[in-house]
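Scroll down for the structure; my scribbles are underneath it.
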Amino acid sequence: MAKKGEVVIDIEKCKGCEVCIVSCPRSVLALSNEVNAKGYHFTIKVNAECIGCANCAVVCPDAVITVYREK
Amino acid sequence: MAKKGEVVIDIEKCKGCEVCIVSCPRSVLALSNEVNAKGYHFTIKVNAECIGCANCAVVCPDAVITVYREK
Amino acid sequence: MTEEIIIAGFGGQGVLSMGQILCYSGVMQNKEVTWFPSYGPEMRGGTANCTAIISDDKISSPIVNVYDTAIVLNQPSMDKFESKVKPGGLLIYDSNGITRHPIRKDINVYMMEASEEAIKMNNTKIMNMIVLGGFLKIKPIIELENILKGLSKVLPERYHRLIPLNEQAIRKGMEIIKPTHLV
Amino acid sequence: MTEEIIIAGFGGQGVLSMGQILCYSGVMQNKEVTWFPSYGPEMRGGTANCTAIISDDKISSPIVNVYDTAIVLNQPSMDKFESKVKPGGLLIYDSNGITRHPIRKDINVYMMEASEEAIKMNNTKIMNMIVLGGFLKIKPIIELENILKGLSKVLPERYHRLIPLNEQAIRKGMEIIKPTHLV
Amino acid sequence: MSEIIKPENIVYQKTKVLTDKVMHYCPGCGHGTAHKMLAEAIDELDIQYETIGVAPVGCSVLAYYYFDLDMQEAAHGRATAVATGIKRVMPEKYVFTYQGDGDLAAIGTGETIHCCNRGENILIVFINNGIYGMTGGQMAPTTLSGMKSSTSPFGRDTKTMGNPLKITELVAQLAGTYYVTRQSVHTPANARKAKRALKKALEYQKLNKGTCFVEIVSNCPSNWKMTPVESNKWMEENMFPFYPLGDIKVPQQ
Amino acid sequence: MSEIIKPENIVYQKTKVLTDKVMHYCPGCGHGTAHKMLAEAIDELDIQYETIGVAPVGCSVLAYYYFDLDMQEAAHGRATAVATGIKRVMPEKYVFTYQGDGDLAAIGTGETIHCCNRGENILIVFINNGIYGMTGGQMAPTTLSGMKSSTSPFGRDTKTMGNPLKITELVAQLAGTYYVTRQSVHTPANARKAKRALKKALEYQKLNKGTCFVEIVSNCPSNWKMTPVESNKWMEENMFPFYPLGDIKVPQQ
Amino acid sequence: MKELKLMKGNEALAEASIRAGADAYFGYPITPQSEVIEYLMFKQPEKITGMVVLQAESEVSAINMVYGAAACGKRVLTTSSSPGISLMQEAISYIAGAELPCVLANVVRGGPGLGTIQPSQSDYFQSVKGGGHGDYKLITLAPATVQESVDYVKLGFELAFKYRNPVMILTDGIIGQMMEKVELFEQQPRITEQFDWATKGKVRGKDHVIVTSLMLQSEEQEKVNLRLQAKYREVEKNEIRYVTYNCDEEIDYLMVAFGSCARISQKAMELARAKGIKVGLFRPQTLYPYPYEAINKLASKVKGILTVEMNAGQMVEDVKLAVNGKTKVEFYGRFGGMIPAPDEILNALETKLIGG
Amino acid sequence: MKELKLMKGNEALAEASIRAGADAYFGYPITPQSEVIEYLMFKQPEKITGMVVLQAESEVSAINMVYGAAACGKRVLTTSSSPGISLMQEAISYIAGAELPCVLANVVRGGPGLGTIQPSQSDYFQSVKGGGHGDYKLITLAPATVQESVDYVKLGFELAFKYRNPVMILTDGIIGQMMEKVELFEQQPRITEQFDWATKGKVRGKDHVIVTSLMLQSEEQEKVNLRLQAKYREVEKNEIRYVTYNCDEEIDYLMVAFGSCARISQKAMELARAKGIKVGLFRPQTLYPYPYEAINKLASKVKGILTVEMNAGQMVEDVKLAVNGKTKVEFYGRFGGMIPAPDEILNALETKLIGG
Ligand SMILES: Cc1ncc(C[n+]2csc(CCOP(=O)(O)OP(=O)(O)O)c2C)c(N)n1
Ligand SMILES: Cc1ncc(C[n+]2csc(CCOP(=O)(O)OP(=O)(O)O)c2C)c(N)n1
Ligand code: SF4
Ligand code: SF4
Ligand code: SF4
Ligand code: SF4
Ligand code: SF4
Ligand code: SF4
Ligand SMILES: [Mg+2]
Ligand SMILES: [Mg+2]
């Protein structure tokens with residue numbers, strides 16, 4: 001079974017482009033209903049399936065995702 | 001036997017480059033010892049072997065040769 | 001009559017077209033008009049504004065530094081333009097996202113809940129029309145009929161079916177605008 | 001002493017280097033000098049000339065319109081420069097190819113058969129040196145010793161073996177120059 | 001907060017070769033990802049202090065705010081000439097240009113070709129989004145046949161407007177280029193591959209191999225008038241068939 | 001005088017599409033022959049009154065004095081842009097440019113590539129003599145490796161000075177070019193072939209086929225510092241191996 | 001048929017080029033004038049009048065296309081903004097040297113370098129003194145309204161062909177981006193005249209036409225220059241255009257300003273006059289030829305002149321040349337894309353001229 | 001070690017660049033200055049001082065290479081002639097905007113257009129008023145001798161680095177092609193200083209360096225412009241250079257001329273003085289900053305001024321601005337590559353000033 005992972009999203013810098021969302025193999029991510037100060041719906045975690053693969057972070061154009069994976 | 005030809009060279013316009021000379025299949029042409037008003041040794045006929053092939057005229061950069069051939 | 005108006009907000013809120021509609025309508029009513037936008041990359045994701053001037057006489061400068069009316073749709077615009085309203089002038093703003101409300105006491109201030117109203121009307125795009133309605137209520141410099149004519153100029157043909165909705169929004173704005181401070 | 005000289009002829013006759021040798025030699029003799037050539041595509045197959053000025057004092061203009069001396073090596077140059085010699089000045093020309101000889105009576109005219117002499121010496125390239133010799137005979141503004149030093153500056157190292165030949169040519173020029181008209 | 005979130009468990013974070021400035025790019029624009037891949041390549045090679053970059057005129061005109069590197073702004077199209085100037089006086093530094101398709105393949109064509117032909121020992125990163133992003137979506141040399149833009153509002157008509165230009169294939173022909181490849185950064189796998197290509201190019205620069213040219217086919221959601229996700233799909237379906245990903249010129253061993 | 005010399009026996013004479021002006025070219029320079037072949041092609045197609053030519057900046061800058069055609073002088077390198085301007089407003093005319101290698105392949109690279117890429121329906125005649133003739137023999141983009149020029153006095157060092165550029169092969173890659181060929185005019189046979197190529201190109205222009213590009217590898221006796229005959233030999237031995245004669249792109253039937 | 005429209009300056013200029021019967025537009029996008037080519041591409045004038053519109057690969061290419069088409073005796077134009085216009089300087093000099101007619105527009109933005117995209121007037125020198133090499137002059141028209149942007153396209157072509165000289169419309173981001181009411185002139189026919197000087201295919205029985213700016217002999221080149229200079233004297237005699245505001249009355253002060261800046265100065269004048277300051281405004285519409293004499297005349301009757309520009313002080317040199325010491329000349333300017341406000345100008349008037 | 005040599009202006013300039021410790025030369029051939037790059041390629045300074053010499057594919061490319069290398073804090077130069085310099089205008093504006101030091105030389109030939117290759121001074125306006133876009137200034141040095149061509153390369157680099165501003169050596173085909181005695185200064189070391197403003201690889205612990213001329217916000221761009229203007233005022237205060245001839249005595253007339261034309265005017269002055277005409281000569285060595293004040297002072301004591309130029313009258317505007325109406329200012333010029341003769345100038349002096 002895959003290791004457990006976690007993502008931390010800097011929601012104030014997120015622009016809500018959804019590129020991360022479609023790249024996640026575990027459908028961990030989705031857009032929030034709320035908007036941030038710049039008026040963007042931002043990405044949030046919607047489940048705990050993250051495996052720390054970093055796909056989301058790698059494709060995030062604004063480098064707002066940090067990924068953790070247990071050792 | 002090849003038809004007989006003739007060339008007429010506008011010696012005042014000739015620049016003595018010798019490109020015609022090396023192109024003649026019958027060695028008809030050569031440089032004169034004299035120079036023209038521009039100071040160039042010009043091309044002259046040195047025999048009557050001309051067959052009117054126009055090789056010399058075609059390669060002459062200054063278009064100074066007219067070629068005749070008997071019909 | 002000369003009315004010098006600044007309209008400012010986020011790109012996408014329709015501030016530029018609000019100004020254009022005013023100007024087109026002005027032309028319909030035989031007024032002199034000028035419209036000048038902020039332009040270029042600065043607009044990308046940032047703020048946008050335009051100056052609209054409507055007058056009975058030839059307009060000299062299309063750009064002014066103090067305004068008869070400021071229409072403000074976000075906080076950065078509030079910060080920038082509150083101070084630029086002429087004493088005794090008019091400030092209209094949409095409450096949505098405003099964290100620091102106007103403090104000047106020498107101008108007339110009207111707040112509108114236009115964004116909310118637009119959501120209620122199921123079309124966030126018409127927020128600007130609601131605000132326009134509010135403005136026209138306070139300063140009826142152009143007749144509604146000419147505003148509708150102006151709209152039909154600004155909107156591409158294929159959107160003309162939306163004119164009734166826009167009219168509704170303008171009327172709604174006229175209805176809901178209310179003063180928070182009057183000189 | 002200030003000597004303003006024009007040297008003119010066909011490209012390839014060495015008019016430019018004749019001027020340069022004069023100037024280099026002038027430097028050896030502690031003179032002030034300027035040298036200015038005609039330049040660029042106009043020279044292709046056409047005429048070339050240079051102005052050389054040699055003076056005991058600082059030289060203002062490197063370009064003048066009348067000359068103390070004109071050294072002329074072909075017909076077009078004769079046509080152009082005969083009239084530009086100062087009254088009482090000097091005109092030296094090589095007879096080869098000259099169809100219209102100078103007619104002015106207020107200047108000193110010397111003809112040289114330098115081309116022929118060069119053929120005799122088996123090196124048409126030194127025609128210009130023969131003419132230079134002629135000039136130096138008439139106007140000994142630079143000592144031969146300094147001319148030879150100048151030559152060694154103008155000639156690339158690998159041609160230094162030719163200096164004796166050049167000296168010979170200069171001496172030949174000094175020998176053969178003869179006046180055709182003196183004021 | 002999850003206990004996984006602790007420094008020693010970090011597997012991915014923003015590279016320090018990017019500054020903390022918020023990029024002005026539109027949401028989902030590939031410029032951001034391309035920046036990141038290049039910055040990570042520089043980070044991984046540990047050459048941040050030995051690298052000088054050149055920004056173009058185009059949407060990435062402000063790239064110099066985002067890379068924590070010494071950088072220069074070049075006039076529109078002239079980045080490779082500017083980089084030549086830099087590299088010639090500082091041959092021991094890593095030098096790269098980062099240029100859009102309008103910049104590199106329209107106004108800068110001459111500079112691009114001749115820089116590559118001289119084999120300047122630099123890295124050229126070429127962002128091909130088939131459009132002039134910065135100025136509001138005009139037709140680029142790489143705009144596809146039939147593709148709409150603000151100066152081809154009815155679709156590019158190759159009869160009158162010229163053909164989409166594969167400049168990458170052209171520079172691959174030149175003796176001066178050493179490594180020429182076409183990549184994308186729109187999926188994690190592609191982005192990782194692009195980074196490897198960029199790293200390889202910088203390694204070749206170390207070895208004095210000549211010009212390395214990395215094209216990144218990218219999107220412009222704003223001017224293509226699509227959402228970012230749609231734009232990436234459109235790119236796969238329309239751009240990639242004409243601009244196929246992969247190496248075009250690789251070093252002969 | 002020989003009785004053969006009478007008008008009805010003329011088999012070759014100067015075409016009327018050349019004026020009577022004496023050309024300023026150096027003895028044996030290929031520019032003259034190239035002019036003549038182009039003029040004869042125009043003459044044979046009988047399009048003298050429908051042709052507009054563009055002269056470059058280079059030795060052939062005065063070409064407009066020698067062709068008895070309406071002609072324009074273009075700024076250095078810009079002949080193809082000028083020709084584009086002409087052709088777009090006078091599409092019914094035949095339009096050609098005549099350009100040297102410095103003009104077309106150095107300063108004019110961008111214009112050349114984009115003109116060809118748009119497929120402008122013109123003829124480009126490209127005289128490649130591996131040198132800047134007019135300005136006195138500086139290195140051209142096409143100067144061969146190791147070849148001497150006034151700016152490569154010790155021979156072209158491709159490490160620092162770039163590689164000889166085969167721009168003809170580049171433009172052949174572009175969708176806009178229809179017919180691309182490399183010729184020479186230094187022998188009667190080659191000159192005749194070159195004329196046929198030029199004629200073909202003009203015929204394709206009539207048919208609206210797009211850009212035709214005829215390179216003529218040529219000599220520069222003056223700046224190569226050889227006699228004309230030597231220069232032609234040197235050209236065969238040194239230029240042709242690198243710039244092989246022949247068609248590079250021919251119409252697909 | 002004349003039409004009254006509300007239009008953006010850039011789009012109005014584009015529309016005017018179609019209506020003026022232009023044969024071709026060649027251009028390259030740059031803010032703040034990309035609307036010109038966008039409008040033209042959308043309008044597809046090729047289908048209406050046959051006018052050709054082509055996006056070139058660069059400004060260098062665009063202006064050389066203009067050269068080629070203009071030399072065919074056609075009405076051709078290009079537009080750009082500051083950095084793009086700088087790239088055109090070589091070819092502009094060629095066009096002037098070969099005496100070709102064409103219309104150029106520079107929608108000026110703040111410089112130097114990449115600068116800002118905001119409005120500026122800092123390309124005045126480039127346009128009227130000579131950005132390119134050699135002694136040549138661009139007839140330079142400075143519109144202050146969208147209406148003038150339209151009218152000057154027509155006027156520009158008229159002058160360009162009358163004098164066979166390039167005409168520059170020197171405008172800026174304010175005029176280019178603003179909307180105003182504009183009366184569009186009627187569609188003009190395209191040129192059918194076959195000009196002697198134009199390349200159009202050799203005409204039987206006539207000499208072939210050569211368009212060039214090269215003269216190998218200096219004597220010939222000087223003749224070209226003398227002909228150009230004579231032409232410029234003609235232009236200076238015939239084509240000076242300007243507007244004055246309140247200058248026929250008694251005034252103590254004069255402001256001189258052109259283009260958009262003149263409109264802001266007009267507002268400042270209104271404010272000043274409301275305060276009782278007797279001030280007039282002089283607005284040159286042609287920057288070359290410059291109205292030296294008209295300003296010189298006014299200089300005699302005022303205590304001082306304030307030149308107002310959106311640059312660091314360029315036209316002020318021409319004002320000084322006009323005034324020739326007769327009265328004092330002060331300058332007020334904002335630059336780098338900053339637009340002076342009417343009250344700033346009023347303030348400058350009060351402190352630099354009246355107080356000063 | 002100083003050396004006395006007889007050298008061509010172009011070659012002397014090239015040699016001076018090596019000796020000034022230049023790091024790089026980027027250029028493109030054009031008559032009448034191709035000897036500069038030819039000399040450098042032959043000398044191979046790369047093997048002596050490490051100086052790089054590169055033939056670019058165009059002037060546009062060359063000047064942008066200069067930009068890149070200059071921004072690394074290196075001593076860089078390029079040279080060209082009129083049409084080539086026109087092509088550089090965009091980048092020159094960028095260099096001025098980004099405040100980069102470099103030396104440019106324009107060996108002017110007759111224009112406009114392709115013109116002639118003969119000497120001219122018709123790029124005066126382009127150099128001192130602004131050929132590129134935006135408000136910027138080139139420090140402009142006008143050598144009149146081969147010696148000054150050499151000295152101004154060194155001075156040029158000093159001023160360029162002192163003010164971080166491009167310096168233009170405005171010379172012409174006469175100075176470039178003529179030979180004169182020249183004293184060469186000693187070989188200077190190349191720069192080793194690491195400038196704060198230069199890109200050289202980010203320095204640990206410091207902010208990364210950005211070289212740019214772009215300011216998206218007008219407010220920022222105006223600040224840049226204000227800084228530039230303040231710098232220009234400094235330059236105007238410190239760097240004016242000129243030579244006068246006979247101006248300390250009583251004179252009735254003054255001639256003003258620069259560069260090669262000043263030398264011909266000097267000869268004309270000698271001829272005039274021989275005829276008893278009391279005339280002096282003023283030769284600006286810096287064309288920007290221009291010696292307005294010095295000319296203004298002399299204007300008070302003469303009956304008239306004759307400006308002599310190898311163009312259609314460009315510097316004469318600056319002379320008039322300097323004189324500001326104090327005395328009459330006349331002009332004599334030849335152009336298109338024609339060189340005025342000393343007696344023509346004398347004649348102009350007599351007819352335009354003394355007789356006139
Ligand atoms: C000389 C010049 N011409 C034109 C412009 C305007 N301009 C700025 S960016 C740009 C095109 C950008 O397109 P691209 O290079 O594809 O970059 P992108 O924005 O798509 O990333 C243009 C035409 C300019 N700044 N300078
Ligand atoms: C803008 C500009 N740069 C440089 C020149 C100088 N120049 C004139 S011709 C030429 C090169 C000519 O070489 P090429 O095109 O090969 O023609 P060729 O003379 O060999 O036929 C150059 C550099 C110029 N006239 N204009
Ligand atoms: S790290 Fe992988 S699994 Fe976790 S959210 Fe990102 S993409 Fe999904
Ligand atoms: S990719 Fe980045 S910016 Fe886009 S939605 Fe995801 S976290 Fe936000
Ligand atoms: S026509 Fe032929 S045979 Fe006669 S001279 Fe010429 S080349 Fe020789
Ligand atoms: S080819 Fe022509 S120019 Fe050359 S030598 Fe023969 S005739 Fe004379
Ligand atoms: S305009 Fe296009 S290329 Fe530019 S930032 Fe936006 S999406 Fe990216
Ligand atoms: S210089 Fe060379 S190319 Fe030019 S005419 Fe002479 S030989 Fe021909
Ligand atoms: Mg792009
Ligand atoms: Mg060549």
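To find a chain, count down the sequence lines: A is the first, B the second, and so on, and within it residues start at 1. Being a predicted model, the structure only gives us computed values, none of them experimental.
From B/L31, atom CG reaches atom SG of B/C14 across 7.0 Å, with rounding to the nearest 0.5 Å. The CZ atom of F/R182 lies 6.5 Å from the NZ atom of F/K166; values are rounded to the nearest 0.5 Å.
B/D62 has a carboxylate O that lies under 4.0 Å from a charged side-chain N of B/K15, or vice versa, which qualifies the two as a salt bridge. Using a cutoff of 4.0 Å between basic side-chain nitrogens and carboxylate oxygens, F/E44 and F/K195 are scored as salt-bridged. Using a 4.0 Å cut-off between a side-chain N of Lys or Arg and a carboxylate O of Asp or Glu, B/E6 and B/K45 qualify as a salt bridge.
The stretch residues 54-75 of chain F participates, sequence neighbours left out, in these salt bridge (charged side-chain N to carboxylate O under 4.0 Å, His left out) pairs: F/D68-G/K202.
Here the side chain of B/H41 pairs a donor or acceptor atom with the backbone of B/E34 at under 3.5 angstrom.
When heavy atoms are compared at a cutoff of 4.5 Å, F/V22 approaches chain B solely by way of its side chain, counted from C-beta outward. Proximity to chain F is limited to the backbone of B/I65, based on heavy atoms less than 4.5 angstrom apart. Only the side chain of B/K13 comes within contact range of chain F, with at least one heavy atom under 4.5 Å from a heavy atom of that chain. Interface remark: F/H31 contributes no atoms to any contact with chain B (heavy atom separation under 4.5 Å).
Counting heavy-atom pairs under 4.5 Å between each of F/P7, F/C29, F/G32, F/P27 and chain B puts F/P27 at the top. When each of B/A57, B/C60, B/G52, B/A54 is checked for heavy-atom pairs under 4.5 Å with chain F, B/A57 comes out on top. Ranked by heavy-atom pairs shorter than 4.5 Å toward chain B, the options F/K14, F/E8, F/E40, F/K36 are led by F/K36.
Residue-environment remark: NZ (F/K193) stays at or below the threshold of 12 foreign heavy atoms within 6.0 Å.
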Point to revise | Trace of the side chain to side chain donor-acceptor pair (under 3.5 Å) decision for B/R26 with B/N55 | key: CA-CA 10 Å; B/R26 299 293 171 116; B/N55 273 5; over 6 Å; no

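Near-neighbour residues of residues 225-237 of chain F relative to chain B, defined by a heavy atom under 4.5 Å from a heavy atom of that chain, comprise F/P228, F/V229, F/N232.
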